[in-house]
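Take a look at the structure below.
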Amino acid sequence: MDEQPRLMHSHTGVGMAGHPGLPQHMQEGTGGTDGDGRKQDIGDILQQIMTITDQSLDEAQARKHALNCHRMKPALFNVLCEIKEKTVLSIRGAQEEEPPDPQLMRLDNMLLAEGVSGPEKGGGSAAAAAAAAASGGAGPDNSAEHSDYRAKLTQIRQIYHTELEKYEQACNEFTTHVMNLLREQSRTRPISPKEIERMVNIIHRKFSSIQMQLKQSTCEAVMILRSRFLDARRKRRNFNKQATEILNEYFYSHLSNPYPSEEAKEELAKKCAITVAQVSNWFGNKRIRYKKNIGKFQEEANMYAARTAVNAANASSHGSQANSPSTPNSAGTCLSPDNAPL
DNA sequence: GTGCATGATTATTT
DNA sequence: AAATAATCATGCAC
């Protein structure tokens, strides 16, 4: 209460650091022959100064109260409000309506499509699958990759939601605070509800621009994730052994015309759990590579030819019993035994 | 790290 | 539009 030294001397350096209210300091600072009298004076002044603020505050408060209670106050206040509203509206009546930001809508759509902003787990995995399909159809069998992708996506989603919630909370807090402040002030200066609303709008706009940044970086993260994990070219996976065997079996048993029809491709795709496009790729690659170096593939060709022959023999000798339990990989090889190995 | 295998992509041909 | 040929980029064994 009594130590407010910076008010009395330009002795700031020392005064701030120590206890300037102490006698020694006073004596030093003032040269101090009749220190006691001086000290008394200063003490009085200090006391006065200190009480001034309190008094004036009280006084102001009282005056405010008096004004508030004045009988003309409501009428005057209304007039002021009216005038202000008119001028304010005339100044910025035009820019009231804000069209939905197309950029923001784009981001929202993308986040929804990727399953980041959508519903919980279910939507996420569905969106992941959709994303996989959209990216050219990476095989649905590489589950390790997929779970990895999903985990990362979930991580992104969590971060996104946490941040969004944080922003929202901050926005609400800030808005409430400002509104309270304005409402409080509206008792002493003309603030129309419209003005408050406008202020709230401004705040929301500011916060939504922050949100947009969040959305943007989330989108970027998802895009990077997708290109890293689902771009089939970058992350090529070999087909599993069974799929390769099915494809090879077909290839070598149709060596004279290794061009599966669209239906055959579809069936092969289903059996191998890959897409038709992948089947086409495989046959395209296989044909060209086989042709380029038949010798290299001779062994493989013989093997599959023998296997097909055995299967054909089994099929014919056992009549309708096409499926032999000892060869699970021969599912549906009895298409047509027109193999013509070179 | 290197080299080959392999799935995907791209440009060209049919 | 499909097939081919060349090429890319990764997977994988060594």
Side-chain angles (χ1 to χ4, degrees), chain A residues 110 113-115 125-153 155-156 219-308 327-333 335-342:
Chain A
M110 190 191 149
E114 294 298 333
S125 58
S135 80
D141 53 337
N142 42 12
S143 53
E145 206 156 315
H146 253 112
S147 66
D148 203 359
Y149 172 81
R150 266 208 296 278
K152 294 248 158 114
L153 193 71
Q155 213 176 323
I156 290 177
C219 273
E220 266 166 40
V222 171
M223 291 311 281
I224 290 168
L225 186 71
R226 255 180 78 165
S227 66
R228 278 257 303 278
F229 282 88
L230 293 174
D231 186 339
R233 181 167 183 153
R234 291 186 63 80
K235 197 88 176 181
R236 199 198 91 243
R237 298 291 306 178
N238 291 349
F239 299 151
N240 60 39
K241 205 165 179 179
Q242 217 176 0
T244 312
E245 293 211 347
I246 291 168
L247 293 167
N248 272 320
E249 230 159 289
Y250 188 97
F251 180 79
Y252 286 112
S253 63
H254 297 75
L255 206 48
S256 60
N257 184 34
Y259 297 90
S261 66
E262 203 56 36
E263 294 82 55
K265 279 184 195 170
E266 276 169 32
E267 197 177 336
L268 285 168
K270 201 188 282 181
K271 273 190 211 153
C272 300
I274 58 178
T275 66
V276 173
Q278 283 177 302
V279 173
S280 296
N281 282 340
W282 190 91
F283 273 89
N285 283 322
K286 190 74 183 180
R287 280 191 301 261
I288 198 75
R289 283 163 187 165
Y290 180 83
K291 202 178 87 176
K292 262 190 175 173
N293 193 350
I294 295 178
K296 199 174 75 181
F297 289 92
Q298 199 57 60
E299 205 181 326
E300 193 180 63
N302 290 337
M303 192 188 96
Y304 280 101
R307 192 183 292 184
T308 308
T327 56
N329 52 6
S330 67
T333 25
L335 291 167
S336 63
D338 67 333
N339 53 325
L342 303 175

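No experiment lies behind these values; they were computed from the predicted model shown. Lettering of chains follows the sequences in order, A, B, ..., and the numbering in each one begins at 1.
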What is the distance from [atom1] of [X] to [atom2] of [N], rounded to the nearest Å?
X	N	atom1	atom2	answer
A/N238	B/dC4	CG	P	17 Å
A/I274	B/dT6	CD1	P	14 Å
A/L247	B/dA8	CG	P	11 Å
A/R237	B/dA5	CZ	C1'	14 Å
A/F239	B/dT6	CZ	P	11 Å
A/N281	B/dA11	CG	C1'	15 Å

| query | What ring pair (Phe, Tyr, Trp, His ring centres under 6.0 Å) pairs are there with at least one residue in residues 262-286 of chain A, not counting sequence neighbours? | reply | A/Y250-A/F283
| task | Determine: side-chain N/O of A/Q278 to OP1/OP2 of B/dG7, distance under 4.0 Å, yes or no. | result | no
| query | Looking only at side-chain N and O atoms, does A/K296 come under 4.0 Å of OP1 or OP2 in B/dA5? | reply |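 Looking at the OP1 and OP2 atoms of B/dA5, one of them is under 4.0 Å from a side-chain N or O of A/K296.
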Supply the atom-to-atom distance [X] [atom1] to [Y] [atom2], rounded to the nearest 0.5 angstrom.
X	Y	atom1	atom2	answer
A/S253	A/R307	OG	CZ	11.5 Å
A/F239	A/Q278	CZ	CD	4.0 Å
A/M303	A/E245	CE	CD	6.0 Å

| message | The criterion is salt bridge (charged side-chain N to carboxylate O under 4.0 Å, His left out); which residues satisfy it with A/K286, sequence neighbours excluded? | response |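 By the salt bridge (charged side-chain N to carboxylate O under 4.0 Å, His left out) rule, A/K286 matches A/E300.
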| said: If the condition is salt bridge (charged side-chain N to carboxylate O under 4.0 Å, His left out), which residues does A/E266 pass it with, not counting sequence neighbours? | reply: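 Scan of A/E266 (salt bridge (charged side-chain N to carboxylate O under 4.0 Å, His left out), adjacent residues dropped) gives none.
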| field | Pairwise salt bridge (charged side-chain N to carboxylate O under 4.0 Å, His left out) hits with a residue in residues 251-265 of chain A, at least two apart | value | none
| What are the two closest heavy atoms between A/P260 and A/L268, and how far apart are they? | CB-CD1, 4.4 Å
If you restrict it to nitrogen or oxygen atoms, what contacts under 3.5 Å exist between nucleotides 3-6 of chain C and the protein, and what is each distance?
residue, atom, partner, partner atom, Å
C/dT4, OP1, A/Y259, OH, 2.2
C/dT4, OP2, A/R287, NE, 2.5
C/dT4, OP2, A/R287, NH2, 3.2
C/dA5, OP1, A/K291, NZ, 3.0
C/dA5, OP2, A/K291, NZ, 3.1

| query | Given axes from five pairs at either end, by how many degrees does the helix from B/dG1-C/dC14 to B/dT14-C/dA1 bend, rounded to 10°? | reply |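 Here the local axes at opposite ends form an angle of 10°.
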| Test item: A/R287 side-chain N/O and A/P258 main-chain N/O as donor-acceptor pair under 3.5 Å |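 Confirmed, A/R287 side chain pairs with A/P258 backbone.
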